[in-house]
Amino acid sequence: MRDLLVHTGGRILGQEEVAAELHVSVRTLRRMLEDDGTTFRAIVEQTREHLAEELLVTAGLSVEQVARRLGYTDASTFVHAFRRWKGISPGRWKERKRGLPVRPSTNGRKSRPAAGVSDGRAGRAADGIPVPSTSSKAPGPREPGAADS
């Protein structure tokens with residue numbers, strides 16, 4: 001179905017167009033998707049996310065060009081959606097994608113948390129970059145007989 005969504009030169013088809021291509025009613029298409037545990041909107045979002053990744057990295061398009069290709073009314077709407085998907089702006093994601101490997105997230109989609117977000121390992125952000133300590137180090141044990149100054 002995802003291939004069918006974008007078969008028209010990068011433009012994502014609507015629900016009615018997809019149903020017509022599959023020779024089913026819109027209601028039947030909805031039931032089919034419901035049986036698969038998804039919705040048309042969810043598939044469109046996943047398709048847009050995948051296409052955005054491809055267009056940003058492989059095709060090297062600008063954020064504005066990707067937004068137009070994916071049918072967003074303006075670049076800021078696309079940036080908002082991209083941040084919802086990845087937790088980072090498309091420009092920054094593109095920079096990181098070029099320089100660092102992307103690890104899969106727990107939901108199976110490729111994503112990376114924003115820089116400085118801890119992954120639970122002491123001293124490292126989720127992207128492996130050391131995080132400077134913001135707390136002062138507690139003094140070590142005092143030697144017996146040391147006087148207070």
Side-chain angles (χ1 to χ4, degrees), residues 1-140:
M1 171 145 348
R2 287 176 183 86
D3 291 339
L4 180 60
L5 280 174
V6 294
H7 89 284
T8 56
R11 185 178 71 83
I12 295 178
L13 297 178
Q15 194 169 11
E16 295 79 14
E17 295 167 304
V18 170
E21 289 286 327
L22 294 173
H23 306 290
V24 298
S25 70
V26 171
R27 179 66 190 126
T28 300
L29 175 61
R30 286 184 190 146
R31 274 195 306 270
M32 291 166 49
L33 294 171
E34 187 177 316
D35 290 345
D36 287 342
T38 192
T39 64
F40 188 79
R41 176 175 277 164
I43 290 176
V44 168
E45 282 293 301
Q46 292 166 0
T47 302
R48 281 182 168 163
E49 181 180 356
H50 176 75
L51 284 173
E53 291 175 4
E54 291 295 318
L55 293 171
L56 285 167
V57 176
T58 307
L61 298 180
S62 70
V63 171
E64 291 78 14
Q65 291 170 318
V66 173
R68 271 193 307 263
R69 284 259 182 109
L70 296 181
Y72 287 92
T73 54
D74 55 42
S76 65
T77 306
F78 166 66
V79 169
H80 179 76
F82 197 92
R83 280 194 172 133
R84 188 176 65 245
W85 301 329
K86 302 290 186 194
I88 190 170
S89 72
R92 181 162 241 154
W93 181 87
K94 184 177 180 177
E95 290 171 6
R96 286 186 172 190
K97 186 69 175 175
R98 286 183 186 159
L100 297 172
V102 176
R103 293 182 297 269
S105 67
T106 57
N107 63 7
R109 296 187 305 177
K110 291 182 179 181
S111 66
R112 298 181 63 78
V117 176
S118 175
D119 68 352
R121 293 187 302 245
R124 296 227 174 246
D127 56 8
I129 298 172
V131 176
S133 174
T134 57
S135 63
S136 61
K137 187 175 179 181

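One-based numbering along the sequence shown.
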Atom pair [atom1] ([X]) and [atom2] ([Y]), whose distance is rounded to the nearest 0.5 Å:
X: E95; Y: S89; atom1: CD; atom2: OG; value: 7.5 Å
X: L29; Y: L22; atom1: CG; atom2: CG; value: 6.5 Å
X: E16; Y: F40; atom1: CD; atom2: CZ; value: 8.0 Å
X: S25; Y: R27; atom1: OG; atom2: CZ; value: 8.0 Å

Original post:
Got L55 and Q65 here, is their nearest side-chain heavy-atom distance under 4.5 Å?
Top reply: no
Subject >> Side-chain heavy-atom pair L51, R69 within 4.5 angstrom cut-off >> reply: no
Could you report the tightest heavy-atom contact between [X] and [Y], atom names first, then the distance?
X: F82; Y: I88; answer: CD2-O, 3.3 Å
X: A67; Y: A75; answer: CB-CA, 3.8 Å
X: L56; Y: K94; answer: O-CE, 3.0 Å
X: R48; Y: L70; answer: NE-O, 3.2 Å
X: A52; Y: V66; answer: CA-CG1, 4.0 Å

Original post:
Which side-chain hydrogen bond (donor to acceptor under 3.5 Å, both in side chains) pairs, counting each pair once, include a residue from residues 29-42, with sequence neighbours left out?
Top reply: T28-R31
**OP:** List in chain and number order the residues that pass side-chain contact (heavy atoms from CB on, under 4.5 Å) with A20, two or more places apart in sequence or in another chain; answer none if no residue qualifies.
**Re:** none
Original post:
Looking at residues at least two apart in the chain, or sitting in another chain, which of them share a side chain to side chain donor-acceptor pair (under 3.5 Å) with E45?
Top reply: R84, W85
**OP:** Considering only NZ, NE, NH1 and NH2 on the basic side and carboxylate oxygens on the acidic side, decide whether K97 and E53 come within less than 4.0 Å.
**Re:** no
Original post:
Pairs in or reaching into residues 48-72: which pass ring pair (Phe, Tyr, Trp, His ring centres under 6.0 Å), with residues at least two apart or in two chains?
Top reply: Y72-F78
Original post:
Which pairs count as ring pair (Phe, Tyr, Trp, His ring centres under 6.0 Å) when at least one residue sits in residues 12-39, sequence neighbours excluded?
Top reply: none
